[in-house]
Novice: 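Here you go, one structure.
In what follows, chains are A, B, ... by sequence order, proteins preceding strands, each numbered from 1.
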There are 2 protein chains.
Amino acid sequence: MAQASPSASAGDTKALILDAALRRFAEHGYDGTSLNDIADDVGIRRPSILHHFPSKEAIYRAVLKQLVDDWGTLVIKAVRDPEKGWDQIERVLAAAFEFFENNTEFVRLVRREAIAGGPFFDEIATTLQPLFDQAVGFLEREMKAGRLRKHNAPQLLLAGYGAILSYFSDAPLITVLLGSDPLSPEALRVHHREVVELFRNALDPR
Amino acid sequence: MAQASPSASAGDTKALILDAALRRFAEHGYDGTSLNDIADDVGIRRPSILHHFPSKEAIYRAVLKQLVDDWGTLVIKAVRDPEKGWDQIERVLAAAFEFFENNTEFVRLVRREAIAGGPFFDEIATTLQPLFDQAVGFLEREMKAGRLRKHNAPQLLLAGYGAILSYFSDAPLITVLLGSDPLSPEALRVHHREVVELFRNALDPR
DNA sequence: GTCTATATTCCGATAGAC
DNA sequence: GTCTATCGGAATATAGAC
């Protein structure tokens with residue numbers, strides 16, 4: 001029986017290391033995470049970590065690869081059998097929200113990379129670049145066909161990227177600003193609805 | 001004659017340290033920056049840094065305080081003699097864009113704090129919180145008066161926060177996605193116009 | 001596969017000469 | 001005010017026993 005969650009709960013030490021490393025790297029960044037931190041979470045000693053991975057950098061790379069692969073899989077599923085116009089956008093938004101909700105570490109890690117170029121910035125950037133181009137292409141096609149109102153497609157996409165990702169990546173700050181948990185199911189529902197409405201106002205010609 | 005820029009170009013070593021530290025902390029984070037890095041940029045040795053500041057943490061705190069003070073000053077100026085409805089929003093947006101354009105390090109530093117809680121997360125959060133409440137109050141008042149279309153004000157504000165800040169904080173990634181410099185005057189003009197239009201579609205009842 | 005012990009390097013911070 | 005020299009500690013990584 002396969003495990004749906006990216007984490008493992010028993011047996012495979014390698015998976016336990018990746019799971020602990022993901023949480024640590026997302027929370028404290030690459031420089032702010034030591035092999036001792038990861039080893040403590042797993043419940044083993046530092047050198048035992050390096051029996052499974054050749055270096056700290058290799059662990060980080062493996063964590064990143066797993067996340068980007070998961071994201072790529074989701075995107076492929078989301079753009080299969082595409083709808084036209086606004087319906088497709090709502091579909092992709094819903095898929096993205098669900099993914100981010102279940103992978104908040106992904107968002108924070110990618111954001112850390114985006115800000116400054118972590119150790120493997122180029123890898124992430126070149127992976128995301130074709131997905132971005134594909135989305136821009138879709139938007140421009142639908143605008144030209146009159147199924148979406150005309151806008152600067154790349155800029156609109158970047159605005160959406162920022163609005164959605166920030167809500168997850170900056171959850172600690174937003175918790176203070178709102179005075180309540182922004183990641184509760186109720187709060188996420190409200191945020192989702194508001195973002196959809198914001199872009200529907202700009203894009204939906206109906 | 002006073003110096004308008006936050007940086008110094010000669011003489012005052014303390015200011016040179018702050019200037020170098022700001023750039024290093026914004027680019028590589030607190031953990032990713034060593035006193036040697038800063039000292040190298042200034043052109044002195046590591047212990048000389050600690051003649052001007054008692055510790056690395058004190059330098060970070062000083063950098064942060066200067067940025068938050070600058071931001072507070074801008075906000076105070078921007079909300080003086082407020083306009084009504086959409087005009088005021090456009091005014092504040094223009095002021096914010098100009099500030100971020102001239103203080104890209106501010107954006108990246110605040111974002112690092114927002115993601116995980118840097119060393120002084122609480123300070124930043126409690127400083128920004130009343131500004132957030134003030135903005136929410138304005139939006140809700142204007143919506144009630146019919147000068148703005150009704151929305152979930154906090155959520156809309158968070159969406160705007162994310163859309164605008166991400167463009168600056170994630171400039172390294174966006175450079176790859178767009179294939180051109182997102183911080184060029186021309187690109188900033190386009191981005192500014194698109195963000196204004198996005199929110200005008202949602203808010204302006206005219 | 002996990003451990004103890006250790007090599008090496010870098011860190012922040014201090015002491016004291018000039 | 002800046003320097004060299006050094007302390008104490010933590011980091012990654014390796015060697016080798018079990």
Side-chain angles (χ1 to χ4, degrees), chain A residues 3 7-65 109 112-113 116-121 123, chain B residues 3 7-65 109 112-113 116-121 123:
Chain A
Q3 178 107 4
S7 58
S9 52
D12 195 354
T13 305
K14 199 162 175 171
L16 290 175
I17 293 171
L18 283 176
D19 197 53
L22 166 62
R23 279 180 282 107
R24 285 282 183 174
F25 285 142
E27 181 75 14
H28 302 286
Y30 185 82
D31 292 315
T33 298
S34 76
L35 293 180
N36 266 332
D37 294 332
I38 300 172
D40 286 350
D41 287 354
V42 175
I44 58 178
R45 298 289 204 167
R46 182 173 67 253
S48 304
I49 299 267
L50 296 172
H51 172 78
H52 300 274
F53 294 92
S55 69
K56 177 183 175 182
E57 202 176 287
I59 299 174
Y60 189 76
R61 194 183 288 268
V63 165
L64 223 53
K65 181 179 164 25
L109 249 162
R112 285 182 185 279
E113 293 284 331
F120 310 110
F121 170 76
E123 262 172 75
Chain B
Q3 176 108 4
S7 58
S9 52
D12 194 355
T13 305
K14 199 161 175 171
L16 289 175
I17 292 171
L18 283 175
D19 197 54
L22 166 62
R23 277 180 284 108
R24 285 282 183 175
F25 285 141
E27 181 76 14
H28 302 288
Y30 185 82
D31 291 318
T33 299
S34 75
L35 292 180
N36 267 333
D37 294 331
I38 300 172
D40 287 350
D41 286 354
V42 175
I44 59 180
R45 298 290 203 165
R46 182 173 68 250
S48 305
I49 299 267
L50 296 171
H51 173 78
H52 299 274
F53 296 90
S55 68
K56 177 184 176 182
E57 201 176 287
I59 300 175
Y60 188 77
R61 195 182 288 269
V63 165
L64 222 53
K65 180 179 163 26
L109 245 151
R112 285 182 183 280
E113 294 284 333
F120 310 110
F121 169 75
E123 262 173 75

Novice: Please check the phosphate of C:dG1 (OP1 and OP2 only) for any side-chain N or O of A:H51 closer than 4.0 Å.
Specialist: yes
Novice: With A:R24 as reference, evaluate A:D19, A:T33, A:D40, A:D41 under the side chain to side chain donor-acceptor pair (under 3.5 Å) test and give the passing residue.
Specialist: A:D41
Novice: Examine D:dT2: is either OP1 or OP2 under 4.0 Å from a nitrogen or oxygen in the side chain of B:T13? Give yes or no.
Specialist: yes
Novice: Please report the C-alpha distance between A:I49 and A:I59 in whole Å, then the side-chain angles of each, then the deciding distance to 0.1 Å, and finally whether the side-chain contact (heavy atoms from CB on, under 4.5 Å) criterion is met.
Specialist: CA-CA 9 Å; A:I49 299 267; A:I59 299 174; 3.6 Å; yes
Novice: In whole angstrom, what separates A:D40's CG from C:dC3's P?
Specialist: 11 Å
Novice: So, for A:V63 and A:A21, which heavy atoms are closest and what is the spacing to 0.1 Å?
Specialist: CG2-CB, 4.0 Å
Novice: Looking at B:R112 and B:A26, would you say the former's side chain and the latter's main chain have a donor-acceptor pair under 3.5 Å?
Specialist: yes
Novice: Would you call B:L64 and B:E113 a side-chain contact if the rule is heavy atoms closer than 4.5 Å?
Specialist: yes
Novice: Within the 4.0 Å limit for protein heavy atoms, which parts of nucleotides 5-18 of chain C are touched? Write it as a string from 5' to 3', B for base, S for sugar-phosphate only, - for none.
Specialist: B-----SBBB----
Novice: Atom CG of A:D31 and atom C1' of D:dT12: how far apart are they, to the nearest Å?
Specialist: 13 Å
Novice: Could you tell me if the side chain of B:L18 sits less than 4.5 Å from the side chain of B:F53, heavy atoms only?
Specialist: yes
Novice: Does a nitrogen or oxygen in the side chain of B:S48 sit under 4.0 Å from OP1 or OP2 of D:dG1?
Specialist: no
